Amino acid sequence: MRKKIVAGNWKMNKTFEESKALMNELKEKLGKETSEKVETVVCPPFLCVPSANEIFQGTNIRFGGQNIHFKDDGAYTGEISASMLKAIGCDYVILGHSERRQYFHETNHLINFKVLKALEKGLKPILCVGETLEQREQGVEKKIVDEQVTLCLKDVCAADMENVVIAYEPVWAIGTGKTATPEQAEEMHVGIRKSLENLYNATVAGRTRILYGGSMNDKNAKDLLGKNNIDGGLIGGAALKADSFIAIIEAAV
Ligand code: PEP
């Protein structure tokens, strides 16, 4: 039985004070029973991660970063290491988000290094994959996602897969208000499980949690999360308000 995860990706939003206010609101409003049933993860900007460590102490709310560098440490101006995130209490890190692929030219090869470094340092990667609109229109979406999964997980052993979460995020659905239908998402999630079965075995494929991301909100969450192979959501815009984020978490119960 895969425990569902709902993770909020705050991206480059919220000042220090605004972050603290939203974290406190989440802590106050999220029911204990709900947070026991659904793994809740918040990924704020780096600057606000220490606040998450303080505010979420003693709760079931987990937190993480939105990126790491693939090296341990050194002369990499502006970067954050896996060890730094781990030391401040992070459990998770989002890797390979389409915005990082698009605006920061991250390749599957680079993302693979980051996945390996995260696992080595005890962080759980939320590995994002997904096709562009053009690729879907060309009918190559399954091939693209299979390639992303395969290349980004190179050299990740079956035992480490227990700590990897995959997020299927069709690029055309992120921040656009255009959601994949539950059927489209389910079909791709089944495809990702097939890729995992080819790479590892049926056990790994069956226990890996695969989230859907792309304009998930309090209205469409129930239908998406009702599908057999959708194990939660990676939420952008709707994670910036406590009430809508909590409504999605509740839909995952
Ligand atoms: C995301 O950025 O991971 C995301 C899914 O964003 P949104 O929910 O805003 O589409």
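Every number for a ligand or one of its atoms is a count from 1 in the order of the listing. From a predicted model like this one, the values you see are computed outputs, not experimental measurements.
Residue contacts with ligand 1 for C128 are absent, since no atom lies close enough (heavy atoms, distance under 4.0 Å). At a heavy-atom cutoff of 4.0 Å, ligand 1 is contacted by both the backbone and the side chain of I174.
If you number the atoms of ligand 1 from 1 as listed, the ones under 4.0 Å from a heavy atom of G214 come out as 5 (C), 10 (O). Listed by number with element, the atoms of ligand 1 under 4.0 Å from a non-hydrogen atom of A173 are 10 (O). For ligand 1, the atoms lying closer than 4.0 Å to a non-hydrogen atom of H97 are 1 (C), 2 (O), 3 (O). Per-residue contacts place K11 under 4.0 angstrom from the following atoms of ligand 1 (heavy atoms of the residue considered): 1 (C), 2 (O), 6 (O). Every atom of ligand 1 is numbered from 1 in the order shown, and the set under 4.0 Å from a heavy atom of L234 is 3 (O), 5 (C). For ligand 1 and G175, the ligand atoms under 4.0 Å from any heavy atom of the residue are 7 (P), 9 (O), 10 (O).
In terms of N/O distances under 3.5 Å, ligand 1 is approached by G237.
Salt-bridge check for E39 with K3: failed, with every basic side-chain N at 4.0 Å or more from each acidic carboxylate O. Salt bridge present: K37 and E33 bring a charged side-chain N and a carboxylate O closer than 4.0 Å.
Partner of V149 under the side-chain contact (heavy atoms from CB on, under 4.5 Å) criterion, chosen from I144, N108, L127, L199: L199.
Atom 3 (O) of ligand 1 has as its closest protein heavy atom E169 OE2, 2.7 Å. Regarding atom 4 (C) of ligand 1, its nearest protein heavy-atom neighbour is G236 N, 3.6 Å.
Residue E183 places its CD atom among more than 12 non-hydrogen atoms of other residues, nucleotides or ligands, all under 6.0 Å distant. For K86, the NZ atom counts as densely surrounded, since its 6.0 Å shell holds more than 12 non-hydrogen atoms of other residues, nucleotides or ligands. Counting heavy-atom neighbours within 6.0 Å of N53 CG, excluding the residue itself, gives a total above 12.
For W172 and E134, the side-chain atoms include no donor-acceptor pair closer than 3.5 Å.
The aromatic rings of Y212 and H189 lie tilted to each other, with the angle between the two planes from 30° to 60°.
Contact annotation: S215 has at least one heavy atom less than 4.0 Å from an atom of ligand 1.
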